[in-house]
Protein chains: 2
Amino acid sequence: MTTSMTASGPLPYKTIGRLSQYRRLLGLRLAMGQRNVYSHELAAFAGVTAAQVRRDLMIVGAKGSPTKGYDVHALIECLGGVLDDPAGQRAALVGIGNLGRALLTYFHGRRPKLSIVAAFDVDAAKTDRVICGCRCYTMDKLAEVVVAEKITVGILTVPASEAQHVAAELEAAGVSGLLNFAPQPLRVGPHTYAEDLDMTMTLERVAYFARRNR
Amino acid sequence: MTTSMTASGPLPYKTIGRLSQYRRLLGLRLAMGQRNVYSHELAAFAGVTAAQVRRDLMIVGAKGSPTKGYDVHALIECLGGVLDDPAGQRAALVGIGNLGRALLTYFHGRRPKLSIVAAFDVDAAKTDRVICGCRCYTMDKLAEVVVAEKITVGILTVPASEAQHVAAELEAAGVSGLLNFAPQPLRVGPHTYAEDLDMTMTLERVAYFARRNR
DNA sequence: TGTTGTGAATCTCTTCACAGCT
DNA sequence: AGCTGTGAAGAGATTCACAACA
């Protein structure tokens, strides 16, 4: 009752984010022994409309039934087929500060198909050991480890002044996706995907709409 | 050469985020002694088009000149008039883990009009002292401190299982904006603005587009 | 010439609304 | 009766393109 092997072009940006959220709820429902789920249930969980959920699932080719909704197990498989690389993807984190450690801890052993397998820092006191289940190296090992571990995703938790420079190093080493937490938008080549997650900007936006909304 | 006292309705969501980025570059340029700036310079910094920058600045009523571009000082004032509450806004952080500490450290003394003035945690070992320049309290003091300190923004860095419950407490205490780092979208009332910043979701999206983009 | 300010066109995303199914 | 799947409409955000200006 699911899948469909149409590879097609990349899915919409927003849809990909929501699929990740739907998958989380599906995991919970599976653990609770629920076999099926309706679009309005996924919608309530993700904070979107039921029509939005059905549209997203239509885009990925998932099929439901008017009486039973969507089959939880089949839907998890379907979303995995979209979100996960069958061969798995490995990520490296650069910058082992509080934020870096939070991410290492949070992702450790959580997603089998997407794991952080190496961390880097300029500070020798933090490297050449295992932190939060992840091997830590000095920066001069970066290119070598990225190649050896087949790392394709880089996570930047470095100061703003270092971000662009580190991004270029990761890109040169063969990484094709970057998630940047530094408050400095990255400039990358056309074959690299970079997303900036600027917490200062987000907090200022929350503060703005908190005032306007009241 | 700037401002304009039209209060009007709330500005577009995306625009607000970019204004925050423009302001950061403007601060750097001011420190470097530059008196003016062109839309294409702001654009290159923020990773958007020059037309986008001009559109954003038009929306907030900033004025430039064809020969000199925009006056840096006047533009900072103008953006401050939009982004900042004249009376200042105070935020509380709930959940003093690695992520919470990263945020406390990063925001400490950075924005005069938006500061984190209190932190909360269930763990008594982390409370009743100052961490990263911020006073830490036990959870049972939450409502009391929110009222006493006139806190209007809440930042959630708690486990997913606690997020909705903590959000409701903050909302009940009078907070009108929430920034949620837990991987669990918040449900809030119509007078509260909540934004979810889900790092797992974002990393999965980066991984997806990293594969597709290569 | 090179820039701003902006209407119009375009693109992307969301919601509506309803046929079709069980 | 209540749900899915989806064309069509709508809303929101971006880019185009060019007049006006210094």
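Within every chain, numbering begins at 1; the chains are lettered A, B, ... in the order of the sequence lines, protein sequences first and strands thereafter.
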Rounded to the nearest angstrom, tell me the gap between atom [atom1] in [X] and atom [atom2] in [N].
| X | N | atom1 | atom2 | value |
| --- | --- | --- | --- | --- |
| B:I16 | D:dA13 | CD1 | C1' | 14 Å |
| A:K68 | D:dC3 | NZ | P | 14 Å |
| B:I59 | D:dT15 | CD1 | C1' | 14 Å |
| B:L42 | C:dG5 | CG | P | 12 Å |
| B:M58 | C:dT6 | CE | P | 6 Å |
| A:L57 | D:dG5 | CG | P | 8 Å |
| A:Y70 | C:dC21 | OH | C1' | 13 Å |

May I ask you to evaluate whether A:S65 reaches the phosphate of D:dT4, defined as a side-chain N or O under 4.0 Å from OP1 or OP2?
no
Using a cut-off of less than 4.0 Å, is there contact between a side-chain N or O of B:S39 and OP1 or OP2 of C:dT4?
yes
Smallest separation among heavy atoms of A:L170 and A:G154, with atom names
CD1-CA, 4.3 Å
Please give me the minimum heavy-atom distance between B:M201 and A:G17, naming the atom from each residue.
CG-O, 3.1 Å
Which is it for A:E41 and A:Y70 under the side-chain hydrogen bond (donor to acceptor under 3.5 Å, both in side chains) test, yes or no, and what are the steps along the way?
CA-CA 11 Å; A:E41 296 173 302; A:Y70 300 86; over 6 Å; no
Between B:D198 and B:R205, does any side-chain N to carboxylate O distance fall below 4.0 Å?
no
Side-chain donor/acceptor of [X] to backbone N/O of [Y], under 3.5 Å:
| X | Y | answer |
| --- | --- | --- |
| A:D85 | A:A87 | yes |
| B:Y22 | B:L57 | no |
| B:T192 | B:V188 | no |

To the nearest 10°, let me know how far the axis at one end of the helix from C:dT1-D:dA22 to C:dT22-D:dA1 is tilted from the axis at the other, five pairs an end.
0°
Among D:dG2, D:dG5, C:dG5, the one nearest A:K63 by side-chain distance:
D:dG5
Under 4.0 Å protein heavy-atom contacts per nucleotide of nucleotides 12-19 of chain C, with B for base, S for backbone only and - for none:
-SSB-B--
Ring pair (Phe, Tyr, Trp, His ring centres under 6.0 Å) partners for B:F181, two or more places apart:
none
Passes side-chain hydrogen bond (donor to acceptor under 3.5 Å, both in side chains), B:N36 versus B:D71? Steps please.
CA-CA 4 Å; B:N36 49 268; B:D71 182 89; over 6 Å; no
